[in-house]
Amino acid sequence: MDPTLFSTLVMLAVVLLFLMPSAAVTVYAERRVSAFIQNRYGPNRVGPMGLFQPFADVIKLFLKEDIIPTGANRFLYTLAPMIPVTTAVITVGVIPFSEHVYIADLNIGVLYLLAVASLSVYGVTLAGWASNSKYSLLGGLRAAAQMISYELPMGVALASVILFAGSLSVLDIVNSQDIWWNIFRNPIGFVIFTVAVFAEANRTPFDLVEAEQELVGGFHTEYSSMKFGTFFLAEYMHVVIGSMLITTFFFGGYHLPFAGYWLPEMSVLAKSILDIFVFIAKTVFWVFVFIWVRWTIPRFKYNQLMRLGWTRMLPIAILNFAVLAVILYYL
Amino acid sequence: MEIYLFILFATLAVAAAVGMITSKDTVNSALFLVVNLISVAGIFLLLRAQFLAVIQILVYGGAIMVLFLFVIMLLNLSSEENMISRFSVKYAIAFLLGVVVLSQLLYAIASVTGTLPYVSPEMERVGTVEALGDALFSTYMLPVLVTAILLTAAVVGAILLAQRKFSGKENK
């Protein structure tokens with residue numbers, strides 16, 4: 001076998017082995033952090049500090065009865081939970097974990113990320129439609145509208161990132177931040193991108209897709225057992241992926257702050273290990289922010305959400321892009 | 001391998017297109033169209049047109065088809081009977097297996113008769129973002145600008161039409 005292909009496959013396997021459990025760890029972290037924020041204990045019985053709680057949760061989900069409602073479209077009902085997981089997993093393909101450790105460095109990395117993100121809408125929409133239930137349908141339609149609305153500001157914010165790197169390759173974008181992270185060079189873009197990522201991941205304050213008070217469980221009202229578990233997994237994987245994307249595009253990726261000024265030359269192995277730890281630390285920080293926001297900020301109303309997306313975020317994103325382009329042209 | 005993938009994607013695209021036309025359920029039709037668009041993107045990728053492939057998925061597969069589905073679901077075009085579709089997992093697997101077998105058959109026939117398509121190494125340089133941007137913003141600058149203005153006008157027109165309808169209803 002061709003050595004590049006082989007190393008790519010090994011990387012793929014390693015990354016998947018880390019990504020899958022990361023969702024379970026995030027669920028545990030969410031329950032503990034939310035308990036901390038609400039001044040209660042959270043799960044602390046299964047294993048030391050409740051660390052084995054994710055295992056218990058998964059076993060419970062496996063043992064539940066799997067119900068497909070009569071009147072549901074069986075094929076789409078089964079297919080729908082797989083789509084968000086697939087899109088979450090294939091997003092990792094272009095994220096660089098270190099200068100030397102990445103699965104693929106595509107010429108069109110950023111566009112690939114946007115394309116994959118745009119496909120994840122199908123999972124939620126189809127789940128809502130195929131369940132043949134009014135709550136699910138409304139949840140699915142809301143999800144479709146919300147994701148389309150927030151994809152545009154996200155894309156424009158990413159375009160303003162591309163201005164600094166002059167390339168669509170994600171590796172080049174990270175390497176352009178070795179001294180100044182994009183969060184300093186492009187703060188407005190950072191805010192817009194973060195909000196859009198929250199909306200794409202369907203997390204509070206943008207979780208109208210599954211607003212309990214009005215829609216029961218939203219698109220996954222009818223789902224049970226591991227089909228529900230898959231949606232749950234996908235949601236937390238999207239949180240992890242979203243954190244990785246914010247880290248990669250605005251938080252310097254694997255670079256330490258202002259690393260270009262003071263970091264000495266290192267061997268490939270030492271640099272890779274350092275890079276990976278820096279990247280993981282930043283991702284964990286952003287996962288924490290995701291949880292923190294969820295348990296602090298209340299949910300929007302649906303019309304407020306759409307108005308924010310179309311009449312505030314999109315114009316600001318375009319304006320930010322134009323101003324940055326002019327500044328960079330004359331600099 | 002590449003040629004085999006090409007034939008697989010091509011067969012999948014044609015099969016999905018036929019499925020889209022023949023299926024009675026509008027949602028199934030739309031989903032067949034998504035499969036078709038994505039397999040065409042796969043063909044672009046095999047022709048080394050990375051940019052075109054991703055844009056195909058981003059614009060058609062992601063944005064436009066989601067809007068289509070959105071409208072179909074919102075208007076509920078399919079009647080209640082069609083909601084219970086007979087399109088089951090069995091049929092889907094049969095469809096995929098059929099496509100794989102057919103593409104293998106075509107591959108075998110094509111390699112015997114020597115009519116396999118050939119991707120030249122020069123094509124690798126044509127499909128990148130840099131090459132495309134270079135061509136669009138130097139040689140074809142005027143057509144690009146004219147198309148941009150046309151699109152902007154169309155978008156503004158669409159918004160105006162939608163707005164007028166909306167306010168007209170309110171006046172009643």
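Model, not experiment: these values are computed from the prediction. Sequence lines set the chain letters: A, B, ... in the order given, protein chains first and strands last, and positions in each chain run from 1.
- Here A:Leu126 contributes atom CG and B:Leu31 contributes atom CG; the two are 5.5 Å apart, rounded to the nearest 0.5 Å.
- There is no contact between A:Ala117 and chain B, counting heavy-atom distances below 4.5 Å.
- Looking only at side-chain heavy atoms (C-beta outward), A:Ile108 and B:Ile55 stay at 4.5 Å or farther from each other.
- Between B:Val66 and A:Met147 there is no side-chain heavy-atom pair separated by less than 4.5 Å.
- A donor-acceptor pair under 3.5 Å is absent between the side-chain atoms of A:Tyr122 and the main chain of B:Val34, judged by distance alone.
- More than 12 non-hydrogen atoms from other residues, nucleotides or ligands lie less than 6.0 angstrom from CZ of A:Phe164.
- In this structure, A:Tyr112 and B:Val54 approach most closely via the heavy-atom pair N-CG1, 3.7 Å.
- Of the listed residues A:Leu79, A:Val116, A:Leu111, the one with more heavy-atom pairs under 4.5 angstrom with chain B than any other is A:Leu111.
- In this structure, B:Ile57 and A:Ala115 approach most closely via the heavy-atom pair CG2-CB, 3.9 Å.
- Looking at A:Leu114, the atoms closer than 4.5 Å to chain B (heavy atoms on both sides) sit in the backbone and in the side chain alike.
- Note that the CD atom of B:Glu130 and the CG atom of A:Asn107 stand 5.0 Å from one another [nearest 0.5 Å].
- Both the backbone and the side chain of A:Leu141 have a heavy atom closer than 4.5 Å to some heavy atom of chain B.
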